[in-house]
Amino acid sequence: MRTHWCGELRTEHVGEEVALCGWVSRRREHGEHLAFVDVRDRTGIVQCVVDNAHDLRSEFVVRVSGTVRHRLEGTVNDKLATGEIELQDCTVEVLNRADPPPFPLDERTDVDEAVRLRHRYLDLRRSRLQRNLEIRARVNSAIRAAMERQGFTEVETPLLMPSTPEGAREFLVPSRQVPGSFYALPQSPQLFKQLLMVAGTERYYQIARCLRDEDLRADRQFEFTQLDLEMSFVDQDDVLAAVSEAVLDAAEAITGHRPDDIPQMTWHDAMDRYGSDKPDLRFGMELQELTELFAGTGFQAFASAAAIKGLRVPGQGDLGRKKLDALTDDAKQLGAKGLVWMRVREGGDLESPVTKFLSETELKAVVDATGAEAGDLLLLVADEWHTTCEVLGGLRNQVGRPPVSQGPFRYVWIVDFPMFVGVDATTGTPKPAHHPFTRPHPDDLDRLESDPMDVRSKAYDLVLNGWELGSGSLRIHEPELQQRVFSLLGISPEEADRRFGFFLNPFRFGAPPHGGFGMGMDRLVAILAGEDNIREVIAFPKPQSGADPMTGAPTTADDKQLAELGLRLLPPKA
RNA sequence: GGCCCCGUGGCUCAGUUGGUUAGAGCGUUGGCCUGUCACGCCAAAGGUCGCGGGUUCAAGUCCCGUCGGGGUCGCCA
């Protein structure tokens with residue numbers, strides 16, 4: 001139907017007879033015998049000169065044939081890629097009429113997201129989402145190429161699998177053939193990809209859809225897409241290198257230049273310096289160690305604390321009481337008992353509600369240690385090390401963090417995660433930080449039983465601009481070690497067999513050492529596309545409620561469907 | 001489940017201390033216009049102020065509840 005795309009026409013096409021297809025973007029009428037019609041397809045817009053645009057309306061679907069010519073002197077539009085030319089002697093064929101769109105399809109107005117989602121097919125017609133979908137496709141393609149180049153084999157894994165109730169809440173699918181039983185949709189292909197290692201696939205990857213029935217956020221959807229991979233006979237750096245290669249290729253495909261190699265930072269360093277296991281390295285404001293300074297202090301809140309740290313907020317010394325109170329509330333929300341603020345005055349004097357409890361020496365030492373200058377604000381927290389770090393890290397993000405999409409892109413690998421986080425309140429056993437198949441750090445193996453909370457694991461996260469892009473680990477491939485970890489977690493051999501038997505038994509048949517990674521494609525694409533929200537890089541996302549305003553999903557099932565599945569509904573809650 | 005923000009023609013918004021008949025721009029419809037490009041000009045249509053209740057002589061405005069959207073904490077091994 002068409003000979004060219006709208007967006008590709010240039011002065012070199014002058015004189016050619018062309019046929020274009022697309023939508024009427026805008027029309028400008030000048031009386032009976034002259035009108036301009038902007039025709040748009042996914043590549044761009046071309047101005048067509050017609051003698052009568054009376055029967056054309058916005059978003060009508062048209063096929064236009066005509067001759068490309070230079071625009072008249074003084075009528076060139078430099079805001080348009082095709083602005084030097086126009087189509088003359090046009091024949092316009094209306095392929096379909098269109099109702100006026102419920103919202104403008106230009107880029108100038110920020111339309112309410114509920115309206116956009118209800119008419120997503122129109123929202124997708126706009127250049128922002130067209131561009132984002134193209135970026136997404138290019139990222140996918142670059143990643144596939146990088147994986148293939150590195151010898152990975154793409155394998156598809158089942159969507160219908162047994163429920164494994166650990167971790168995120170699963171979506172359940174009732175079985176028709178076995179009424180009363182259910183499949184679960186995968187939170188990730190975790191179990192299958194490890195079995196592929198037992199199977200000798202050696203290098204597996206998949207751009208896989210994963211599903212988690214948890215509350216939606218700016219960076220979370222029920223369904224999300226993950227670059228999933230697993231490798232045999234590798235150490236941690238091999239996995240990191242393979243993932244880095246794919247991510248950096250993807251970044252290069254979008255931005256045109258390849259980022260530096262991705263640095264590594266230990267989890268402990270990240271917590272200690274940035275107060276987060278996903279530190280945003282685009283801005284400084286590192287936490288300052290102050291514990292030693294206050295050894296033997298007379299200030300009760302500091303005297304008993306295991307860790308005291310400070311955050312220097314440059315130039316915010318004029319923050320009002322209301323804002324400071326709000327920060328204090330935030331600190332408490334983050335788990336602190338309180339927040340000490342100090343305004344730095346000329347000459348290094350500190351103004352704070354607690355100065356009267358602190359000695360001159362201590363006050364001066366705080367200024368020295370933080371490097372504070374007049375006009376700065378200092379925030380101090382004293383608590384257990386982990387709490388102190390986390391609270392100040394939260395405040396650091398709050399006062400200093402730019403939108404995630406705002407460059408530059410700062411990638412970082414976080415390594416040496418702790419094996420366990422916290423203790424289960426009911427059973428008293430440690431809780432795994434990653435999953436129970438994560439390999440303990442070899443240097444800490446002998447302390448697994450004696451000092452579990454101090455044991456590191458071979459788990460790692462990839463972080464970009466403060467967003468966790470993905471995580472992975474080396475796995476346990478020896479049944480004996482797996483047994484040790486299970487017993488630490490309070491899982492008996494019988495229970496392990498019941499819950500993970502189909503997964504663990506194969507490991508007796510010669511499981512190779514292996515490890516892998518899973519990376520959120522939606523997040524990577526969003527950041528590369530300059531979006532703060534993954535919904536902007538997903539063709540048909542869901543709002544926070546999880547109910548799709550366009551399709552009406554989820555819908556009720558009729559009695560016949562339910563009967564076939566052996567299900568009966570409970571009466572609605574009152 | 002908690003907290004915060006938002007909801008006024010199709011879209012984006014204004015609406016004062018609670019006070020007459022709720023406004024604007026864009027869009028839509030009709031008319032005019034031969035070089036515009038966010039064209040311009042004239043005119044018209046279009047409103048359950050999300051919904052329900054309450055306070056009041058009087059509610060878009062205040063209060064309670066509810067629904068929808070967004071952000072965030074919990075949750076996301």
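Nearest to the side-chain atoms of A/R69 among the listed nucleotides B/rG1, B/rG35, B/rC11 stands B/rG35. Distance from the side chain of A/L34 is smallest for B/rU34 among the nucleotides B/rU34, B/rU28, B/rG70. Across B/rG71, B/rA38, B/rC37, the shortest atom-to-atom separation from the side chain of A/T75 is found for B/rC37. Candidate nucleotides B/rG10, B/rG35, B/rU72 were compared by shortest atom distance to the side chain of A/P102, and B/rG10 ranks first. Counting only heavy atoms from C-beta on, A/Q333 has its side chain closest to B/rG2 among B/rC33, B/rU29, B/rG2. Out of B/rC75, B/rG69, B/rG35, the shortest distance to the side chain of A/Q47 is found at B/rG35. Each of B/rG35, B/rG71, B/rG30 was ranked by its minimum atom distance to the side chain of A/Q544; first place goes to B/rG71.
Taking the nucleotide of RNA chain B with the nearest heavy atom to each of A/A114 and A/F437, the more 5' of the two is matched to A/A114.
The partner of B/rG68 is B/rC6, judged by Watson-Crick or G-U wobble contacts that both fall below 3.5 Å. Pairing for B/rU34 is absent, with no Watson-Crick or G-U wobble pair whose two atom distances lie under 3.5 Å. In this entry B/rU16 has no Watson-Crick or G-U wobble partner, no candidate having both defining distances under 3.5 Å. Across all strands shown, B/rA45 has no partner, as no Watson-Crick or G-U wobble contact with both distances under 3.5 Å is found. When both pairing distances are held under 3.5 Å, B/rC76 makes no Watson-Crick or G-U pair with any nucleotide shown. Across all strands shown, B/rU55 has no partner, as no Watson-Crick or G-U wobble contact with both distances under 3.5 Å is found.
For the pair A/R28 and B/rC39, the criterion of a side-chain N or O lying under 4.0 Å from OP1 or OP2 is met. A/R217 has no side-chain polar atom (N or O) that falls below the 4.0 Å cut-off from OP1 or OP2 of B/rC75. Note on A/S545: a side-chain N or O is less than 4.0 Å away from OP1 or OP2 of B/rG69. Contact check, A/R26 against B/rC26: no side-chain N or O comes under 4.0 Å of OP1 or OP2. Using a 4.0 Å cut-off, some side-chain N or O of A/N533 falls inside it from OP1 or OP2 of B/rG71. Residue A/H54 has a polar side-chain atom (N or O) positioned under 4.0 Å from OP1 or OP2 of B/rG31. The side chain of A/R118 places no N or O atom within less than 4.0 Å of a non-bridging phosphate oxygen (OP1 or OP2) of B/rG68.
A/D112 comes within 4.0 angstrom of sugar-phosphate atoms only, judged by non-hydrogen atoms across all strands, and of no base. Residue-level contact check: A/R116 touches neither bases nor backbone, having no heavy atom under 4.0 Å from any strand. Residue A/D110 is classed as a sugar-phosphate contact, given heavy-atom separations below 4.0 Å to backbone atoms only. A/A35 comes within 4.0 angstrom of nothing in the nucleic acid, heavy atoms only. Contact annotation for A/K79: backbone-only contact, meaning every heavy-atom pair under 4.0 Å involves sugar-phosphate atoms and none involves a base.
A salt bridge is defined here as a Lys NZ or Arg NE, NH1 or NH2 lying under 4.0 Å from an Asp or Glu carboxylate O, and A/K278 with A/D461 fails to meet this definition. Remark: A/E113 does not engage A/R120 in a salt bridge, criterion side-chain N to carboxylate O under 4.0 Å. Contact check on A/D38 versus A/R28 returns a salt bridge, with a Lys/Arg side-chain nitrogen under 4.0 Å from an Asp/Glu carboxylate oxygen. Under the 4.0 Å criterion applied to side-chain N and carboxylate O atoms, A/R69 and A/E86 are assigned as salt-bridge partners.
With hydrogens and angles ignored, no donor-acceptor pair under 3.5 angstrom links the side chain of A/R212 to the base of B/rC76. Looking at A/E86, its side chain comes within 3.5 Å of the base of B/rG35 through a donor and an acceptor atom. Counting atom types as modelled, A/R71 pairs a side-chain N or O with a base atom of B/rC37 as donor and acceptor under 3.5 Å. With hydrogens and angles ignored, no donor-acceptor pair under 3.5 angstrom links the side chain of A/R27 to the base of B/rC39. The base of B/rU36 is not paired with the side chain of A/E29 by any donor and acceptor separated by under 3.5 Å.
No aromatic stack links A/F103 and the base of B/rC11, using centre distance under 5.5 Å and interplanar angle under 30°.
Here, B/rG23 and B/rG15 have their P atoms 15 Å apart, quoted to the whole Å. Nucleotides B/rC4 and B/rG60, compared at atom P, are 25 Å apart to the nearest Å. Nucleotides B/rU17 and B/rU12 place their P atoms 26 Å apart, quoted to the nearest Å. Comparing the C1' positions of B/rC67 and B/rA24 gives a spacing of 29 Å, expressed to the nearest Å. Nucleotides B/rU55 and B/rG18, compared at atom C1', are 11 Å apart to the nearest Å.
More than 12 heavy-atom neighbours from other residues, nucleotides or ligands sit within 6.0 angstrom of CD on A/E478.
When each of A/R131, A/R116, A/R523 is paired with A/E536, the salt bridge (Lys or Arg N to Asp or Glu O under 4.0 Å) condition holds for A/R116 and for no other.
In this structure, the CZ atom of A/R169 is 11 Å from the C1' atom of B/rG74, given to the nearest Å.
In this structure, a donor-acceptor pair under 3.5 Å is absent between the side chains of A/E166 and A/H435.
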